[in-house]
Asks: 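Quick one: this structure, given as structure tokens, is what I'll be asking you about.
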Amino acid sequence: MTSAAPLPAPGHMGVDYEQRVDFGRLRDYRLSRARASLEASECGAFLLFDFYNIRYVTQTWIGGALGDKMTRYALLTRGGEPMLWDFGSAARHHRLYSPWLDPANCHAGMLGMRGAIAPTAGLMVEAVRQIKGLLEDAGVADAPVGVDIVEPPFLFEMQRQGLTVVDSQQLMLDARQIKSADEIMLLTQAAAMVDGVYQDIVEVLKPGIRENEIVALANKRLYEMGSDQVEAINAVSGERCNPHPHNFSDRLIRPGDQAFFDIIHSFNGYRTCYYRTFSVGSATPSQRDAYTKAREWMDASISMIKPGVGTDQVAAVWPAATEFGFENEMAAFGLQFGHGLGLGLHERPIISRLNSMREPIELRPGMVFALETYCPASDGFSAARIEEEVVVTADGTRILTLFPAQDLVIANPY
């Protein structure tokens, strides 16, 4: 049963007259979850390169341009405080403005920017030597080090210096999958921003506007509203709808097009993945039928969401790949789909026929994830795409994505 009452999405400012996000409580919660995961593992420490894990443990963030450069890293040892190596002057900024971190634990760091500085320069050798010394000081140098993602030369150097490396990404994803009330509020605020952007899109979705112009509009509005990163926006229309290309182009919108959009952004780090489908001016019976089917599949999956249900049971209500024109589940992956939302776009649980039947995950209160359905139209080129973000609670499913999607919306009807 879906509750009619929306989750709170208060204003973004800090005020004295309402209880809003408590960022101190949020930082404490995230670090405590990471520590509990570390304590329950075989590891003596986690060495983290994944930007989202670094933010979860150190409560720091710098510009997204450095997010894939494998430069920042953090170390969390058993019983120790988080240590951070950041890009140049960012470390000094953290010492000034991040009082929850010990200033002595905020270091400038550089490993090579994905090989642009060759390993022969010695930066990785020096970094591993320093990390090993800190592990020795903490008394955990003989225990495995959990690493989430890593460049091969850094991994080889850790091994050369005698460190045992194991995977910590699974442990960190386990820690991150149960969201606190503050995290859920931030996810709700992020979704509320997209609610408004969809209103803007419906108003301009007329023949003659291009897909890329709508992408530009969405970026502008999100940053005006306070988004800290617009990760991607899909804009797909007309004959591009089937098969789904997962991108946008400069195609001109035409009368009678079916068009769908996915808005992926973050507010204070917490992300949306939020599809809506519209028809431009009018809709054909084929387009309406495709939308009806996509909505039925969506409602069937939402009705399954409750604590104790397995993700295999959720995936089972969606059609098999061969039922909507694909040769197997790998070819159709991401079309009938669910994925966790948080600091990362794709967290636990991942729900699909590709993986959930093999290794189901039990749904638990506090999980937040998106559910996506896709139905090709019988005309051979149109398609409907719907996505809803849901929170699992003890007394039912709560929906974060509120822009109307029960029926196909006709933008600017003739």
Side-chain angles (χ1 to χ4, degrees), residues 30-31 34-35 37-63 65-95 98 101-176 344:
R30 297 193 305 203
L31 181 56
R35 280 179 165 148
S37 184
L38 174 58
E39 291 295 328
S41 76
E42 63 175 329
C43 299
F46 286 165
L47 179 62
L48 306 172
F49 291 90
D50 185 313
F51 250 40
Y52 309 126
N53 288 336
I54 293 171
R55 188 169 194 167
Y56 198 82
V57 168
T58 70
Q59 332 301 328
T60 62
W61 180 256
I62 65 173
L66 296 167
D68 62 350
K69 303 304 187 295
M70 299 294 291
T71 292
R72 311 177 77 221
Y73 54 102
L75 182 69
L76 182 66
T77 61
R78 287 177 178 262
E81 293 299 315
M83 291 172 268
L84 174 67
W85 288 260
D86 217 327
F87 190 84
S89 61
R92 182 177 295 181
H93 189 275
H94 300 324
R95 288 194 290 269
S98 302
L101 294 174
D102 184 339
N105 287 339
C106 298
H107 311 280
M110 171 53 61
L111 298 177
M113 303 190 79
R114 293 183 63 174
I117 300 173
T120 52
L123 296 178
M124 292 185 177
V125 174
E126 295 166 5
V128 173
R129 186 179 297 123
Q130 182 184 22
I131 290 166
K132 185 176 181 181
L134 291 166
L135 296 174
E136 290 170 346
D137 292 344
V140 295
D142 293 332
V145 180
V147 177
D148 49 7
I149 55 177
V150 65
E151 290 188 85
F154 195 90
L155 171 62
F156 301 153
E157 184 57 35
M158 292 182 71
Q159 294 171 333
R160 192 189 69 79
Q161 294 196 32
L163 297 174
T164 300
V165 180
V166 298
D167 178 27
S168 67
Q169 186 72 299
Q170 298 304 307
L171 299 169
M172 285 300 303
L173 285 170
D174 286 343
R176 286 162 46 191

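Along the sequence shown, the residues carry numbers beginning at 1.
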Asks: Any chance CG of Asp142 has more than 12 other-residue heavy atoms, nucleotides or ligands included, within less than 6.0 Å?
Replies: no

Asks: Can you check whether Gly109's main-chain N or O pairs, donor with acceptor, with Arg72's side chain at less than 3.5 Å?
Replies: no

Asks: Report the C-alpha separation of Val128 and Arg160 in whole Å, then their side-chain angles, then the decisive distance to 0.1 Å, and conclude whether the side-chain contact (heavy atoms from CB on, under 4.5 Å) test is met.
Replies: CA-CA 10 Å; Val128 173; Arg160 192 189 69 79; over 6 Å; no

Asks: Does a donor on one side chain and an acceptor on the other come within less than 3.5 Å for Glu157 and Gln161?
Replies: yes

Asks: May I ask you to test the His94-Thr58 pair for a side-chain heavy-atom distance under 4.5 Å?
Replies: no

Asks: CD/Gln169 to CG/Leu48 distance, rounded to the nearest 0.5 angstrom?
Replies: 8.5 Å

Asks: Does a side-chain N-to-carboxylate-O contact under 4.0 Å join Glu81 and Arg35?
Replies: yes

Asks: Are Asn53 and Arg176 side-chain neighbours, meaning at least one heavy-atom pair lies under 4.5 Å?
Replies: yes

Asks: What pair of heavy atoms forms the shortest contact from Phe46 to Ser41, and how long is it?
Replies: CE2-OG, 4.1 Å

Asks: Taking the side chain as every heavy atom from C-beta outward, state whether Val150 and Val165 have any atom pair closer than 4.5 Å.
Replies: no

Asks: Trp85 vs Tyr73 aromatic rings, parallel, tilted or perpendicular, using cut-offs 30° and 60°?
Replies: parallel

Asks: Can you name the nearest heavy-atom pair linking Leu163 to Ala141, along with the distance?
Replies: CD2-O, 4.2 Å

Asks: When you measure from the side chain of Ser37 to the backbone of Leu171, do you find a donor-acceptor pair of N or O atoms at a distance under 3.5 Å?
Replies: yes

Asks: Contact between Met70 and Leu111 at the side-chain level, heavy atoms closer than 4.5 Å - yes or no?
Replies: no

Asks: Quick check: do Leu101 and Pro82 have side-chain heavy atoms less than 4.5 Å from each other?
Replies: yes

Asks: For residues 107-120, pull every pair meeting salt bridge (charged side-chain N to carboxylate O under 4.0 Å, His left out), keeping only residues two or more places apart or in separate chains.
Replies: Asp68-Arg114

Asks: If I take atom CD from residue Gln130 and atom NE2 from residue His107, how far apart are they, to the nearest 0.5 angstrom?
Replies: 5.5 Å

Asks: Work out which heavy atom in Gly44 is nearest to a heavy atom in Ala143; give both atom names and the distance.
Replies: N-CB, 3.6 Å

Asks: In the structure I gave you, are the side-chain heavy atoms of Thr77 and Asp137 within less than 4.5 Å of one another anywhere?
Replies: no

Asks: First locate atom SG of Cys106, then atom CZ of Arg92, and finally report the distance between them rounded to the nearest 0.5 Å.
Replies: 12.5 Å

Asks: Go through it in stages, so that I can follow the logic: the residues are Val147 and Leu155, the test is side-chain contact (heavy atoms from CB on, under 4.5 Å), and I'd like the CA-CA distance, side-chain angles, deciding distance and then a yes or no.
Replies: CA-CA 9 Å; Val147 177; Leu155 171 62; over 6 Å; no

Asks: Should Leu76 and Leu31 be marked as a side-chain contact (heavy atoms from CB on, under 4.5 Å) after you check the CA-CA gap, both sets of side-chain angles, and the distance that decides it?
Replies: CA-CA 10 Å; Leu76 182 66; Leu31 181 56; 4.2 Å; yes

Asks: Nearest 0.5 Å, please: how far is CD1 in Ile149 from CG in Leu47?
Replies: 11.0 Å

Asks: Would you check if Ile131 and Met83 make a side-chain contact, meaning some heavy-atom pair closer than 4.5 Å?
Replies: no

Asks: Kindly compute the distance separating CG (Leu84) from OG1 (Thr60), expressed to the nearest 0.5 Å.
Replies: 4.5 Å

Asks: Given Met172, which of Asp148, Val57, Leu38, Asp167 fulfils the side chain to side chain contact (heavy atoms under 4.5 Å, CB included) condition?
Replies: Val57

Asks: Quick check for you: to the nearest 0.5 Å, what is the distance between Asp86 atom CG and Arg95 atom CZ?
Replies: 10.5 Å

